[in-house]
Protein chains: 2
Amino acid sequence: MSHQSQKSCMASARRISGLLRENGLRATKGRAEVLALFFETGKPLAQRQIMEMLRLKLDRASVYRILNAFTAAGVIHMAYVDGRHRVYELPDRCSGRSCHPHFSCRSCGMTACLEDFKVHSQGTLGKGFVAERQKVLIEGLCPDCTEGKK
Amino acid sequence: MSHQSQKSCMASARRISGLLRENGLRATKGRAEVLALFFETGKPLAQRQIMEMLRLKLDRASVYRILNAFTAAGVIHMAYVDGRHRVYELPDRCSGRSCHPHFSCRSCGMTACLEDFKVHSQGTLGKGFVAERQKVLIEGLCPDCTEGKK
DNA sequence: CAATATATGCGATAGAGTTGCAATAAGCAG
DNA sequence: CTGCTTATTGCAACTCTATCGCATATATTG
């Protein structure tokens, strides 16, 4: 999947560089690769996973700085915190006020985006409060782990 | 508030010890005090805050172990992760499947429980998935910080 | 009150994330 | 394409949360 076609890789590389520059970020190899990983996997990623998936060598500190820069620029956002890990994702399917919910398995730690799961909120926050984003995390057991428990 | 009446303190101390034992936990001074803090404040607490509020001396490691033991026993649960801090609270107002939402101010970091805020979820997780808990975090600005931004 | 299993204190350690600084590479003008 | 300026990277040291092993202290049980 990573080397299907030079052409399409290059094409998306150009698209990604453009996206970086549009957001006021220099299009370095490291940044392009990290951003490409988000597009390729389409999944929420933590620094650790990014490090493991990198084809290009990149320092730990650089990955952290890249994630922070991306977050500040709004290219990605922190989806949720999993244990000690900050998990980021593209804000693709998220409106300004609410993000799609995430699922996290308490047994194996597997996580997933719940795109067909809708969350409606009702009620008032109180005077002066302004809600900007709504993060929902469903904890439970994934199919593999429910089978194991049977 | 901490020394209003010896009597009520002692009474609740006995109640707390009982609660610990009911959950299979030894009623040590440290554990009783930590659990009492959750009841007295009624607020979500992180290890750091607990350390600062302790009247009794207790080691950092012990507080961590106490929080883990309480969580394993179900006496408290992790409400959310605030930056690098795990924040715990009594499962008082939480049913088995859903927890009351929390608010977190992105400017000052202040957090609060949203008791009058209800969240309804709709949809399917997918075959084999079992939802056990639903954590909702609303991010935004608190009254103090909205005033500042005006 | 003594025996025993469990908690605690202390020090060392692990792991996520940050920072300072020198080296490097992107972006831009010519 | 070349050189200049400035942002980014690599490296190493560091911070901070959390955990672990082990000796000591303490709660529970009989």
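These values consider heavy atoms only, across backbone and side chains, with no hydrogens, waters or symmetry-generated copies.
- Between B:L20 atom CG and C:dT6 atom P the separation is 16 Å, expressed in whole Å.
- Side-chain contact annotation: A:S104 with A:Y80, donor-acceptor N/O pair under 3.5 Å absent.
- Between A:E40 and A:R55 a salt bridge is recorded (basic side-chain N to carboxylate O distance below 4.0 Å).
- Atom pair B:Q49:CD and D:dA18:P shows a separation of 12 Å (rounding to whole Å applied).
- When rounded to the nearest whole Å, the span between CD of A:E33 and C1' of D:dT8 equals 16 Å.
- Under a 4.0 Å N-O distance rule, the pair A:K43/A:E89 does not qualify as a salt bridge.
- Judged by distance alone, the side chain of A:S62 and the main-chain N or O of A:L58 form no donor-acceptor pair under 3.5 Å.
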Using atom names, set out every protein N or O paired with an N or O of nucleotides 26-28 of chain C below 3.5 Å, distance rounded to 0.1 Å.
from, atom 1, to, atom 2, distance (Å)
C:dA26, N3, A:R26, NH1, 3.0
C:dG27, OP1, A:R21, NE, 2.9
C:dG27, OP1, A:A27, N, 2.9

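- Side-chain atoms of B:Q49 come within 3.5 Å of backbone atoms of B:A46 as a donor-acceptor pair (strictly under, hydrogens ignored).
- To the nearest angstrom, P of D:dT9 lies 4 Å from CD1 of A:I66.
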Report summary line: In B/S/- notation (B base, S sugar-phosphate only, - none; protein heavy atoms under 4.0 Å), nucleotides 14-20 of chain C written 5' to 3' is -SSBBBB
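- For the pair A:N23 CG and D:dA7 P, the interatomic distance rounds to 17 Å; values are reported in whole Å.
- Ring pair B:F70/B:Y88: centre-to-centre distance not below 6.0 Å.
- Closest of all the heavy-atom pairs between A:R133 and A:M78 is NH2-O, 3.2 Å.
- Computed from coordinates, the A:R31 CZ to C:dT24 P distance equals 19 Å when rounded to whole Å.
- Cluster membership check: B:M110 shares its hydrophobic cluster with A:L125, using side-chain heavy-atom separations under 4.5 Å among Ile, Leu, Val, Met, Phe, Trp and Tyr.
- No donor-acceptor distance shorter than 3.5 angstrom exists from the side chain of A:N23 to the backbone of A:L25, with no hydrogens or angles considered.
- For the pair A:L58 CG and D:dC11 P, the interatomic distance rounds to 10 Å; values are reported in whole Å.
- The distance from atom CD1 of B:I50 to atom P of D:dA18 is 10 Å, rounded to the nearest whole Å.
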